[in-house]
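Step one of this worksheet: look at the structure below.
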Number of protein chains: 2
Amino acid sequence: MAKTTLKSLAAALNMSVSTVSKALNDSYEISEVTKKRVREFARELNYQPNVLAQSLKTGKTQTIGIVLPKMTSPFESQILEGMQHAARERNYRVVIMVSMENEELERSALRAMQDKGVDGLLFCPIHENSNVALATQIIANTPMVIFDRTDYPLETHKVGVLNADGTYDACQHLFESGRRRIAVFCGTKQGITAKRLAGYRHAHEENGLAVRSEYIVYCDVKTIEGLHAEMEQHILRLRALPEPPEAIVGIADTITTHLLGVMAKLEIKVPEEIAVIGFANTDLALSLNPSLSTIRQPTKDIGEISVNKLIDTIDKNHRNQIEWEDIKLPTSIQLRRSTKI
Amino acid sequence: MAKTTLKSLAAALNMSVSTVSKALNDSYEISEVTKKRVREFARELNYQPNVLAQSLKTGKTQTIGIVLPKMTSPFESQILEGMQHAARERNYRVVIMVSMENEELERSALRAMQDKGVDGLLFCPIHENSNVALATQIIANTPMVIFDRTDYPLETHKVGVLNADGTYDACQHLFESGRRRIAVFCGTKQGITAKRLAGYRHAHEENGLAVRSEYIVYCDVKTIEGLHAEMEQHILRLRALPEPPEAIVGIADTITTHLLGVMAKLEIKVPEEIAVIGFANTDLALSLNPSLSTIRQPTKDIGEISVNKLIDTIDKNHRNQIEWEDIKLPTSIQLRRSTKI
DNA sequence: TTGAAAGCGTTACCAT
DNA sequence: ATGGTAACGCTTTCAA
């Protein structure tokens, strides 16, 4: 059987296409009886409006595009689930594209989204300077919300977390547990890293402690093997210092979780010899050995709020001047064995 | 400035719309000079074809829908990355919807995909009986490939792994390491679970060992807390047996990885007291303590092959009788500390 | 080699 | 209250 369209419905019902269309859209111009007849017949034939045609006509696609650097860690999965949930709730669907932390791929993803005619874009840039020109061009026509990596030079809604607070709280906890010498392991030098480091500094200041530059470590997160090797070296170096650190703060999920593995390999006792805490949203925190103290980000909220802010902007038609919000959600700290006294 | 369309291009170039369209599509009917002129002008104005209109016309969307139960573990992320990569390669984009292991949500996701007019569907059903009728109806018009949970009553391409072999290899390794009493921890009773158990049985048979029903354990994976509690109980029960197991095989990612945490909590030494191995694609295998021996699935291949089989089917227009393949990729075993002798 | 026109399935304006 | 018609942006016959 052929596909059920407005046309075929109209023919079968012996009405005009426009009447059927209006009836299905519950227009005030159509009588209740007609509406009922049409609706019943339509569902009988299992009529499904062609969304493509609708979109072509209305210029709306009911689709939100998501462009993000990766989706390999629970952090991203959780955000994406939050987004899908919220989008579904408001009758939008989502299209996801991963930039793989690659500026070229990011550009092509943004372009694709643009071409495809999404109604709005949720964008987590790979860093604060990547594809700014393109994004600026896109936002002229398409609402965008920046999430997670919010230090991006675009005037629009942004949804992230209080990064500095996360690290501050972690350090504060370590200080309270009597540890004073805290190293910090960072990934790529990005805006977010800087923010989190600021919290580290702030906590030190408040406690009248100097920040030692030799305690601030940068690692390349490209491959797991490389990361392990680098972290191992750094740890050995730190341990050889006259005043070795008593704790390490991990500044990103991958770093924090893998830190434990390296410590295990080096047979350094956590938390007895060195305590470990850091940003991490992994479900495995409880299952690691020792169980991992973490700074947890409200991923689900990040996702949901991003979506809602975006759809709000879309609905406001993107013209009326909007007060752009730079939303910073609080992180929470989960204490487990890896920082026990 | 208004949007650049074929029409506006044509007007500016003083040609007809069809000429411009053909030129851009590199039609043999158009002279090289014209083509060149059109192409150059188009890129100058940054012309982007309206994919919606194209799709409406051609009935193709260049979009693949993916419906899967969850995307919280690395296993799924890796598959999805493989799919995106392969799709991109063949000029398709992907739309992802998560069924959250919920039959109702799965139905609505499938419906949404159907309405949205995807060219094909990659489907990982939540279990072997879920939404079979709907899927059967959809596949009448839309090519589908079943991945991962391939024990699904639909005649089409399927891409999964040699589940039995994975467990078989793991048991074999344990036997070779001198361990004879092996427990197995399963999640939901599904087709896949059964397959993997078959490998467990097979290995026992081959080694002339009886399978003890008290060694086969089922856990509910709904929540992490619940899982931990259940696993803890089972482990305590097993340890109290006159002949407690010397090893445990985990039959799914979540189970295997969290097993380590429970063992740690119970202060059972792995691998000295009990060895642990199981299906798991986590990147953290190396970072767990002890590092985890795993049965790894070729997730990237699953993703890529699924996409390619699907697009092949789409291209063949779905009519010409196709030999459906039931592809089973081999798993690989990674030995680490958790099964050391 | 080029162009006119129909049509994909909708919606929305304007008549009736 | 209902229907005719144009239009969204494109592809594709068919004619010139």
Side-chain angles (χ1 to χ4, degrees), chain A residues 1-39 41-42 45-63 91 114-119 141-142 317, chain B residues 1-39 41-42 45-63 91 114-119 141-142 317:
Chain A
M1 62 187 171
K3 213 162 195 175
T4 309
T5 67
L6 279 190
K7 202 168 165 184
S8 67
L9 282 180
L13 285 165
N14 209 13
M15 302 185 196
S16 80
V17 173
S18 34
T19 306
V20 177
S21 168
K22 287 175 189 166
L24 256 15
N25 286 316
D26 201 23
S27 160
Y28 67 98
E29 304 176 89
I30 304 295
S31 71
E32 274 310 320
V33 273
T34 311
K35 281 186 193 170
K36 199 170 167 206
R37 242 185 96 208
V38 172
R39 275 200 285 252
F41 190 63
L45 291 205
N46 190 30
Y47 166 72
Q48 305 288 359
N50 181 320
V51 184
L52 252 39
Q54 277 177 328
S55 302
L56 179 59
K57 186 64 191 173
T58 60
K60 284 210 46 177
T61 57
Q62 290 293 314
T63 301
N91 197 29
Q114 182 183 228
D115 300 354
K116 278 30 171 182
V118 294
D119 293 343
N141 304 304
T142 310
N317 221 343
Chain B
M1 62 187 168
K3 213 162 194 169
T4 308
T5 68
L6 278 192
K7 203 168 162 184
S8 68
L9 282 180
L13 285 164
N14 209 13
M15 303 186 196
S16 80
V17 173
S18 36
T19 304
V20 177
S21 167
K22 287 174 190 166
L24 256 15
N25 287 315
D26 201 23
S27 160
Y28 68 97
E29 303 176 89
I30 305 295
S31 71
E32 274 310 321
V33 272
T34 312
K35 281 186 193 171
K36 198 169 169 207
R37 239 186 98 208
V38 172
R39 276 200 284 253
F41 190 62
L45 292 204
N46 189 28
Y47 166 72
Q48 304 289 358
N50 180 321
V51 184
L52 251 39
Q54 275 176 327
S55 303
L56 181 59
K57 186 63 193 174
T58 60
K60 284 211 45 178
T61 58
Q62 290 294 314
T63 302
N91 197 29
Q114 182 182 228
D115 299 357
K116 279 30 173 181
V118 293
D119 292 343
N141 304 305
T142 311
N317 222 343

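Worth saying up front: this structure is predicted, and the values here are computed from it rather than measured. So you know, we letter chains A, B, ... as the sequences are listed, proteins then strands, and number each from 1.
- Listed for the N50(B) side chain is a donor-acceptor partner under 3.5 Å among the backbone atoms of L52(B).
- Dense packing is recorded around NZ of K60(B), with more than 12 heavy atoms of other residues, nucleotides or ligands lying under 6.0 Å away.
- The side-chain hydrogen bond (donor to acceptor under 3.5 Å, both in side chains) check on N14(B) picks up nothing, with sequence neighbours excluded.
- Within 4.0 Å (heavy atoms only), T5(B) reaches sugar-phosphate atoms of the nucleic acid but no base atom.
- Comparing the start and finish of the helix from dT1(C)-dA16(D) to dT16(C)-dA1(D), five pairs each, the helix axis swings through 50°, to the nearest 10 degrees.
- Using a 4.0 Å heavy-atom cutoff across all strands shown, T34(B) reaches sugar-phosphate atoms only and no base atom.
- By the side-chain hydrogen bond (donor to acceptor under 3.5 Å, both in side chains) test, S55(B) pairs with no residue at all, sequence neighbours left out.
- Base contact: E29(A) has a heavy atom under 4.0 Å from a base atom.
- Nearer to the 5' terminus of DNA chain D, by closest-nucleotide assignment, is the contact made by Y28(A) (compared with the other of Y28(A) and S18(A)).
- Taking CG of L56(A) as the start and NZ of K57(B) as the end, the distance is 12.0 Å to the nearest 0.5 Å.
- Between the T58(B) side chain and the Q54(B) main chain, a donor and an acceptor come within less than 3.5 Å of each other.
- Rounded to the nearest 0.5 Å, atoms OG (S18(A)) and CG (N25(A)) are 11.5 Å apart.
- In 5' to 3' order, the nucleotides of DNA chain C bounding all contacts with chain A (an atom under 4.0 Å from a heavy atom) are dC8(C) to dC14(C).
- Smallest separation of non-hydrogen atoms from L9(B) and Y47(B): CD1-CG, 3.8 Å.
- Taking all atoms of both residues into account, the shortest heavy-atom contact from T19(B) to T34(B) is CG2-CG2, 4.2 Å.
- Sorted by residue number, the members of residues 6-17 of chain B with any non-hydrogen atom under 4.0 Å from DNA chain D read L6(B), K7(B), V17(B).
- Between L13(B) and R37(B), the closest heavy-atom pair is O-NH2, 3.4 Å.
- First and last contacts of DNA chain D with chain A, using any nucleotide atom under 4.0 Å from a protein heavy atom and ordered 5' to 3', fall at dA1(D) to dG9(D).
- Annotation for Q62(B) and D119(B): closest pair N-OD2, 2.6 Å, computed over non-hydrogen atoms.
- Nearer the 5' end of DNA chain C, as judged by each residue's closest nucleotide, is the contact made by K35(B), out of K35(B) and T58(B).
- Contact annotation for S31(B): backbone-only contact, meaning every heavy-atom pair under 4.0 Å involves sugar-phosphate atoms and none involves a base.
- Counting only heavy atoms from C-beta outward, the side chains of V20(A) and K7(A) never approach each other to under 4.5 Å.
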(request) Go through the steps to decide whether L6(A) and L24(A) satisfy the test side-chain contact (heavy atoms from CB on, under 4.5 Å), and finish with yes or no. (result) CA-CA 9 Å; L6(A) 279 190; L24(A) 256 15; 3.8 Å; yes
